[in-house]
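Note sheet for the following structure.
Computed over heavy atoms, backbone and side chain alike; hydrogens, waters and symmetry mates excluded.
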Amino acid sequence: MSIWYGLDRVPEHVGANGTVVTIGVFDGVHRGHQELVTRTVATARDMGVPSVMFTFDPHPTVVFRPESVPPLLGTVSQRAELAQQMGIDNVVVVAFTKEISSWSPAEYVDHVLVDLLHAKAVYVGENFTFGHKAAGTTDTLAELGAERGIDVHVVPLLEESSPSDATASPHVVCSTWIRQALADGDIAGANHALGRPFTVEGEVTHGAGRGGRALGFPTANLYFPEKYALPADGVYAGYVTVLPGKGAPGQKVGTMPVGERLAAAISVGTNPTFGHEPRSVESFILDHEADLYGLDTRVEFVERLRGQETYTSMEELIEAIGRDVANTRAALTR
């Protein structure tokens with residue numbers, strides 16, 4: 001798979017025989033997005049042309065509503081990796097600039113789908129808008145596509161009930177709903193909408209150092225900018241995987257196997273027992289002598305065990321962590 005950052009980076013030969021394109025932010029690449037990608041890949045293979053995901057980074061609201069930019073469900077690299085796993089051939093990542101936002105719907109179609117990608121077909125969700133002040137709708141796209149020989153496919157939004165609340169009204173599976181589920185600690189709902197466990201990735205750095213020294217539970221600490229979404233503060237059962245980079249899958253870096261999912265009790269929060277510290281994701285890996293400093297890791301959130309709590313003594317905290325470890329084992333066995 002090829003990834004091109006910017007309209008001017010796309011080679012001319014990419015669309016020589018045409019392409020099939022899907023357009024969107026695709027933040028989180030949830031199950032609704034996956035339907036778009038799956039159909040795009042299938043049609044491209046039937047036609048014998050490349051499939052293309054056309055996406056944006058940073059989020060388009062940076063241009064017209066910078067105070068309301070939503071926290072992201074993942075990095076653009078994660079987005080591209082997930083698309084590749086589903087069979088996408090190429091990803092075009094574009095910064096949504098004031099110039100692009102000023103294009104009329106017709107200019108948008110001509111610049112992107114006709115001149116750049118030579119699209120034969122395009123897939124979008126039914127809530128897709130484009131062009132200056134979002135004046136273009138799916139009906140507009142269908143009209144413009146018909147005039148230019150592009151087959152436009154509009155995919156209905158995915159709507160369902162939450163698996164964690166059978167009494168709640170059905171909701172549209174979208175990035176906004178998933179962000180709220182994470183903020184509410186509804187990791188089961190978020191994971192169901194994503195079609196996989198919610199994950200974060202980052203390099204393990206040194207924390208306060210008390211996890212192993214004082215508590216007997218050494219943790220791998222990750223810190224993230226506020227622009228990324230995290231689950232609500234609390235303790236979760238999940239997995240930690242060392243990503244390839246300093247070692248290939250199947251190899252070891254120090255004591256750590258690369259590419260192996262290791263069971264972990266994961267804490268998200270500010271450690272209120274010790275005075276509020278920077279918000280972090282701390283993972284205690286079960287049954288493994290973990291040395292993760294400086295390694296890139298992926299943390300998967302499988303089940304929420306409890307909220308963040310404050311303890312009056314070190315002994316009380318150690319007992320709570322012991323219960324978290326036992327509950328993590330039980331949750332991952334389920």
Step through the shown structure and confirm whether more than 12 heavy atoms of other residues, nucleotides or ligands are within 6.0 Å of CG on D115. yes
In a check of side-chain contact (heavy atoms from CB on, under 4.5 Å) between S2 and each of V92, V91, N90, V14, which one passes? N90
Across all chains, not counting sequence neighbours, the ring pair (Phe, Tyr, Trp, His ring centres under 6.0 Å) partners of H192 are none
With side-chain contact (heavy atoms from CB on, under 4.5 Å) as the test, pick out the partner of V122 among T43, D151, V152. V152
Apart from L158 itself, what residues make up its hydrophobic cluster when side-chain heavy atoms of I, L, V, M, F, W and Y under 4.5 Å apart count as a link, directly or indirectly? V173
Do the side chains of T75 and Q78 get nearer than 4.5 Å, heavy atoms only? yes
V268 side chain near F301 side chain, heavy-atom distance below 4.5 Å: yes
Taking all non-hydrogen atoms of both residues, which atom of A229 and which atom of L73 are closest, and how far apart? CB-CD2, 4.0 Å
Verdict with reasoning, S51 to D89, per side chain to side chain donor-acceptor pair (under 3.5 Å): CA-CA 5 Å; S51 57; D89 297 310; 3.1 Å; yes
Closest approach of S77 and Y5, non-hydrogen atoms and distance? OG-OH, 4.4 Å
When you compare the side chain of L222 with that of V204, does any pair of heavy atoms fall below 4.5 Å? yes
Nearest heavy-atom neighbours spanning S283 and A264: CB-CB, 4.4 Å
For the residue pair I187 and R304, what are the closest heavy atoms and their distance? CG2-N, 3.4 Å
Tell me whether the count of non-hydrogen atoms from other residues, nucleotides or ligands lying under 6.0 Å of CZ in R9 goes above 12. no
Do V41 and Y123 have side chains that get closer than 4.5 Å, going by heavy atoms? no
Minimal non-hydrogen separation, V93 against I3, with atom names: CG2-CG2, 4.1 Å
Counting neighbours of CD on E226 that are heavy atoms of other residues, nucleotides or ligands and sit closer than 6.0 Å, is the number greater than 12? no
